Amino acid sequence: MKILIADDNDQIVETISDYLELEGNIVDCAYHGESALKLIKDNYYDVIIMDIMMPKLDGISTVAKIRNELFCGAPILFLTAKDTLDDKIAAFKAGGDDYLLKPFAMEELSLRIKALANRGQRKDIGLLSYADIQINNQTDEVRRENHILKLNRTQLKILKLLVQHAPNVVTRQQIIETIWGEESPCSDALRSHIYGLRNAIDKGFSDSRLETIHGQGYRIKAA
């Protein structure tokens, strides 16, 4: 296996690295989050070991970037002294797959790494989905059930925003600010894109997914 260890404690990194290399693994080391991100951009890893408290970029923020910006599906084990429930919730929400508290036994760490590696790379990274709509953030392919939908760039951006917030309502102003920023479009531009988006995702289906909530905005609904 090829494993990345990200921890700012030199002694811990050296101890883990030596143990894992004796087991026949290839190990890379990073001592802060920014270094870890750079290594992940350039390398494939079977498992990533991540501390939380690190300089430059903490482990939670690093993992969020690994999942949401690099679209890396490598299993991630948080190895940390932070033991509160809130810490664990934040770690798993960011994209972690396992959580081991310091101090720890090397044998247990090794067993957990092997178990994560056996699961393989995560398949849900980079996918946005709600109900039967799925968006691949890496390829921008949009599907409803097994049908590929053709959207223009603005429609795609609007759909991503709606799916991210589904089933909640996204206001017209939220959409305008997200898509156009300070350069407000003409009054009919948003309505035109919503019309095109609705035709693209609902045409040929008995159930409509895109709903207009009058006086509020738009949402993607499940049924």
Side-chain angles (χ1 to χ4, degrees), residues 1-129 134-140 160 163-165:
M1 289 184 291
K2 188 169 185 179
I3 300 167
L4 173 64
I5 305 169
D7 195 307
D8 64 334
N9 187 310
D10 294 356
Q11 184 176 354
I12 288 176
V13 171
E14 184 177 349
T15 301
I16 297 174
S17 180
D18 288 347
Y19 189 94
L20 294 178
E21 285 177 345
L22 284 172
E23 289 192 326
N25 302 294
I26 299 169
V27 181
D28 284 344
C29 303
Y31 298 93
H32 52 75
E34 291 181 1
S35 176
L37 290 175
K38 186 176 186 306
L39 285 167
I40 291 165
K41 284 180 183 178
D42 299 331
N43 296 274
Y44 174 94
Y45 293 103
D46 295 287
V47 178
I48 298 169
I49 301 170
M50 183 71 59
D51 186 25
I52 291 181
M53 299 299 291
M54 294 188 296
K56 296 191 178 181
L57 193 65
D58 67 87
I60 301 291
S61 300
T62 300
V63 169
K65 287 179 176 290
I66 290 170
R67 298 304 195 205
N68 302 320
E69 296 180 16
L70 301 184
F71 302 122
C72 173
I76 297 174
L77 166 67
F78 276 99
L79 186 64
T80 176
K82 295 177 73 65
D83 62 353
T84 70
L85 178 59
D86 286 344
D87 293 324
K88 295 175 183 178
I89 290 172
F92 283 106
K93 281 187 173 181
D97 300 286
D98 199 358
Y99 199 99
L100 181 60
L101 289 174
K102 299 175 182 178
F104 57 91
M106 288 302 308
E107 292 84 357
E108 181 179 2
L109 175 63
S110 177
L111 287 171
R112 290 187 182 225
I113 289 171
K114 290 171 183 174
L116 288 173
N118 286 336
R119 293 185 203 170
Q121 301 280 309
R122 287 179 54 165
K123 304 300 183 184
D124 61 333
I125 303 304
L127 295 179
L128 272 176
S129 62
Q134 186 179 83
I135 305 168
N136 187 319
N137 278 316
Q138 294 175 275
T139 63
D140 283 340
K160 284 184 178 182
V163 171
Q164 285 171 339
H165 290 82

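In this chain, numbering begins with 1 at the start of the sequence shown. Computed from a predicted model, the values in this text were never measured in an experiment.
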Nearest atoms (heavy-atom pairs only) where [X] meets [Y]:
{"X": "Lys2", "Y": "Tyr44", "answer": "CD-O, 3.4 Å"}
{"X": "Tyr99", "Y": "Arg112", "answer": "O-NH1, 3.1 Å"}
{"X": "Asp97", "Y": "Arg67", "answer": "OD2-NH2, 2.8 Å"}
{"X": "Phe104", "Y": "Leu101", "answer": "CB-O, 3.5 Å"}
{"X": "Val47", "Y": "Ile113", "answer": "CG2-O, 3.7 Å"}
{"X": "Gly33", "Y": "Thr62", "answer": "CA-OG1, 3.2 Å"}

Using the side chain to side chain contact (heavy atoms under 4.5 Å, CB included) criterion, which residues pair with Lys114? Sequence neighbours excluded.
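Scan of Lys114 (side chain to side chain contact (heavy atoms under 4.5 Å, CB included), adjacent residues dropped) gives Met1, Glu23, Ser110.
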Salt-bridge criterion met for Asp140 and Lys160 (N-O under 4.0 Å):
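Salt bridge: yes.
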Knowing that exactly one of Lys102, Met50, Met53 qualifies, which makes a side chain to side chain contact (heavy atoms under 4.5 Å, CB included) with Asp7?
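The option that passes is Lys102.
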Using the side chain to side chain contact (heavy atoms under 4.5 Å, CB included) rule, take Ile49 and Leu20 through it: C-alpha gap first, then chi angles, then the decisive distance, then the call.
CA-CA 12 Å; Ile49 301 170; Leu20 294 178; 4.1 Å; yes
Between atom CG of Leu4 and atom CD1 of Ile66, what is the distance when rounded to the nearest 0.5 Å?
7.5 Å
What is the distance from atom CG of Asp51 to atom CD1 of Ile60, rounded to the nearest 0.5 Å?
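So the gap between those two atoms works out to 10.0 Å.
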Identify every side-chain donor-acceptor pair in residues 69-82 under 3.5 Å, counting partners at least two apart or on other chains, and give the distances.
residue, atom, partner, partner atom, Å
Glu69, OE2, Lys65, NZ, 3.4
Thr80, OG1, Lys82, N, 3.0

Pairs meeting criterion side-chain hydrogen bond (donor to acceptor under 3.5 Å, both in side chains) with involvement of residues 27-42, two or more places apart:
Asp28-Tyr45
Pairwise side-chain hydrogen bond (donor to acceptor under 3.5 Å, both in side chains) hits with a residue in residues 8-18, at least two apart:
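Non-adjacent pairs meeting side-chain hydrogen bond (donor to acceptor under 3.5 Å, both in side chains): zero.
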Begin with the C-alpha distance, continue with both residues' side-chain angles, and end with the deciding distance and a verdict on side chain to side chain contact (heavy atoms under 4.5 Å, CB included) for Leu116 and Asp98.
CA-CA 8 Å; Leu116 288 173; Asp98 199 358; 4.1 Å; yes
Those residues at least two apart in sequence (or on a different chain) that pass side-chain hydrogen bond (donor to acceptor under 3.5 Å, both in side chains) with Ser129 are none
Test side-chain hydrogen bond (donor to acceptor under 3.5 Å, both in side chains) applied to Gln138 - qualifying residues, sequence neighbours left out
none
